[in-house]
Amino acid sequence: DTGSGALSGEEWDTVIGFADRMKVLPLLSSMIQRKPLISPPDAVLERLRYEYLFNASRTLVFTRELEKILASFHDAGIEAIPLKGAYLAHTVYERPALRQMVDLDILVHWEQMDAAIRLLEGLGYIPVSKPVLDAGYRAAYHHYPVFLHPSGVRVELHWAITHEFR
């Protein structure tokens, strides 16, 4: 403690580390900019600025990919709903870049999973594994294993929101 109520560099490292683990680093950056009484060291401000800009560019890539996937699903007659991060970023947050995303989560009907998988593969997405989609798999899980794209975007196709709603 510096005695002035300000956080030390080590304490700021702890705050940033926690915010990063909780996936709220861009939100922390935005909040600090709005609170003139909070004045982190220049190095902290620069790191937060970098993290915000990095996440903003990542959000643009994720958003572009989501729009492409949803349009392709629509054209193929596959009903799909974006879940979690992608949906929240554009509906709950003041700016989409305030929401950190790890992947795109998309809900589709179980009966349309095979078609959705083929379509994603046609768009260049590669599943990390290819399980047999049978009743046993459906009972044990609520989404297909992650798909990876050369752009760095990861996609999870869900047929239920959680295990309880299968």
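In what follows, residues are counted from 1 in the order of the sequence shown. Note: hydrogens, waters and symmetry copies are ignored here, and every other heavy atom, side chains too, is used.
- When all heavy atoms of E79 and H109 are compared, the closest pair comes out as OE1-NE2, 2.7 Å.
- The 12-atom threshold is not exceeded at CG of D42, counting heavy atoms of other residues, nucleotides or ligands nearer than 6.0 Å.
- Across all their heavy atoms, F147 and L157 have their closest contact at CE1-CD1, 4.0 Å.
- Heavy-atom contacts from other residues, nucleotides or ligands closer than 6.0 Å to CD of E10 number 12 or fewer.
- N55 places no side-chain N or O within 3.5 Å of a backbone atom of L98 that could act as its donor or acceptor partner.
- No side-chain heavy atom of H143 sits less than 4.5 Å from a side-chain heavy atom of D105.
- F54 has its side chain out of reach of P26: every pair of non-hydrogen atoms, C-beta onward, lies at least 4.5 Å apart.
- Following chains of ILVMFWY side-chain contacts shorter than 4.5 Å, one can reach V108 starting from W159, so the two form part of one hydrophobic cluster.
- Cluster annotation: Y87 and F62 are assigned to distinct hydrophobic clusters (Ile/Leu/Val/Met/Phe/Trp/Tyr, side-chain heavy-atom contacts under 4.5 Å, transitive).
- Distance check: D103 CG to K84 NZ gives 6.0 Å after rounding to the nearest 0.5 Å.
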Evaluate the side-chain contact (heavy atoms from CB on, under 4.5 Å) criterion for residues I117 and L120: first the C-alpha distance (whole Å), next the side-chain angles of each, then the deciding distance (0.1 Å), finally the verdict.
CA-CA 5 Å; I117 290 165; L120 274 183; 5.9 Å; no
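- When all heavy atoms of V102 and K23 are compared, the closest pair comes out as CG2-CE, 3.9 Å.
- Listed for the R21 side chain is a donor-acceptor partner under 3.5 Å among the backbone atoms of G17.
- For the atom pair CD of E51 and CG of D20, the computed distance is 6.0 Å after rounding to the nearest 0.5 Å.
- Rounding to the nearest 0.5 Å places CZ of R118 at 11.0 Å from CD of Q112.
- A salt bridge does not link E67 with R64: none of the charged nitrogens is closer than 4.0 Å to a carboxylate oxygen.
- Residues Y125 and I69 approach most closely at OH-CD1, 3.7 Å, considering heavy atoms.
- No side-chain donor-acceptor contact under 3.5 Å links E156 to the backbone of V146.
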Output, in order, the C-alpha distance, side-chain angles, deciding distance and verdict of side-chain contact (heavy atoms from CB on, under 4.5 Å) for Y141 and H158.
CA-CA 9 Å; Y141 302 97; H158 294 248; over 6 Å; no
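- Tracing side-chain contacts under 4.5 Å through hydrophobic residues (I, L, V, M, F, W, Y), one never reaches I32 starting from L27; they form parts of separate clusters.
- Remark: side-chain polar atoms of H149 are not paired, donor with acceptor, to backbone N or O of V155 under 3.5 angstrom.
- Under a hydrophobic-cluster definition in which Ile, Leu, Val, Met, Phe, Trp and Tyr are linked whenever side-chain heavy atoms come within less than 4.5 Å, directly or via other members, W12 and V24 are assigned to different clusters.
- In terms of heavy-atom proximity, Y52 sits nearest to S29 at CB-OG, 4.1 Å.
- Annotation for K130: atom NZ does not count as buried by contact number, only 12 or fewer foreign heavy atoms lying within 6.0 Å.
- R99 places none of its side-chain heavy atoms less than 4.5 Å from the side chain of T59.
- The two atoms that bring P145 and V128 nearest to each other are CB-CG2, 3.9 Å, heavy atoms only.
- Atom CG in L107 sits 6.0 Å away from atom CD1 in I161 (nearest 0.5 Å).
- The OG atom of S30 lies 6.0 Å from the CD atom of E94; values are rounded to the nearest 0.5 Å.
- Counted within 6.0 Å of CD1 on I81, heavy atoms from surrounding residues, nucleotides or ligands total 12 or fewer; the atom is thus considered open.
- Side-chain heavy atoms closer than 4.5 Å link hydrophobic residues (I, L, V, M, F, W, Y) into clusters, and following such links, possibly through other members, connects I106 to Y137.
- To the nearest 0.5 Å, the span separating NE2 on H90 from OG1 on T63 amounts to 3.0 Å.
- Residue-environment remark: CZ (R49) stays at or below the threshold of 12 foreign heavy atoms within 6.0 Å.
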